[in-house]
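Worksheet: one structure, shown below.
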Amino acid sequence: MKLLTEKRPLSSYIWRGLNEGHHFCPTCSTPIMRSGYPGNRISINARCVGNIDVFTLEIKRYDGRNEMFPGPLP
């Protein structure tokens, strides 16, 4: 993923750590991304990416109940 506009701070709802959580546009509150997955993965709101038809994307489900550490990270 490469940002094409200037980098601006996102508003964030963070729990369990310093950087993990839901990140939103500070102007319109659109959810942009989610961080804190194992392996430093992130999820991106595909609706925020130009020229993508979200109805044609393959869905890969993430099982947060079984794959994410409970409570504070070890």
Side-chain angles (χ1 to χ4, degrees):
M1 182 59 82
K2 179 180 179 181
L3 297 176
L4 300 177
T5 58
E6 64 183 86
K7 183 178 179 181
R8 293 185 180 182
L10 297 175
S11 294
S12 300
Y13 171 72
I14 297 177
W15 73 100
R16 295 181 18 187
L18 299 175
N19 299 318
E20 301 112 7
H22 297 275
H23 308 281
F24 304 86
C25 171
T27 303
C28 68
S29 301
T30 299
I32 305 294
M33 62 179 273
R34 160 84 169 79
S35 61
Y37 294 106
N40 290 327
R41 294 181 297 160
I42 62 170
S43 60
I44 301 289
N45 182 351
R47 291 170 183 86
C48 297
V49 180
N51 300 321
I52 289 184
D53 181 357
V54 295
F55 297 106
T56 63
L57 296 175
E58 177 184 341
I59 297 173
K60 182 178 180 183
R61 305 245 183 240
Y62 176 75
D63 182 0
R65 175 182 286 180
N66 296 306
E67 295 181 21
M68 186 174 278
F69 296 109
L73 294 174

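We're numbering straight along the sequence, starting at 1. This is a predicted model, so every value here is computed, not measured. Quick note: numbers below take in every heavy atom, side chains included, and nothing from hydrogens, waters or symmetry partners.
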Any side-chain hydrogen bond (donor to acceptor under 3.5 Å, both in side chains) involving residues 41-52? Give me the pairs, sequence neighbours left out, ordered by first then second residue. Y37-S43
I59: side chain to side chain contact (heavy atoms under 4.5 Å, CB included) partners, not counting sequence neighbours: R61
The reported gap from NE2 in H22 to OG in S35 (rounded to nearest 0.5 angstrom) is 9.0 Å
Least distance between heavy atoms, A46 atom then V54 atom: CB-CG1, 3.9 Å
What residues form a ring-ring contact (aromatic ring centres under 6.0 Å, His included) with F55, not counting sequence neighbours? none
Taking all atoms of both residues into account, what is the closest heavy-atom pair of T56 and D53, and its distance? OG1-O, 2.8 Å
Could you list the residues that satisfy side chain to side chain donor-acceptor pair (under 3.5 Å) with S12, not counting sequence neighbours? H23
Step by step, would you call L57 with I52 a side chain to side chain contact (heavy atoms under 4.5 Å, CB included)? CA-CA 8 Å; L57 296 175; I52 289 184; 3.9 Å; yes
Once rounded to the nearest 0.5 Å, what's the spacing between atom CE of M33 and atom CZ of F24? 11.5 Å
Please examine the side chains of L10 and I32, heavy atoms only from C-beta on, and report whether any two atoms are closer than 4.5 Å. yes
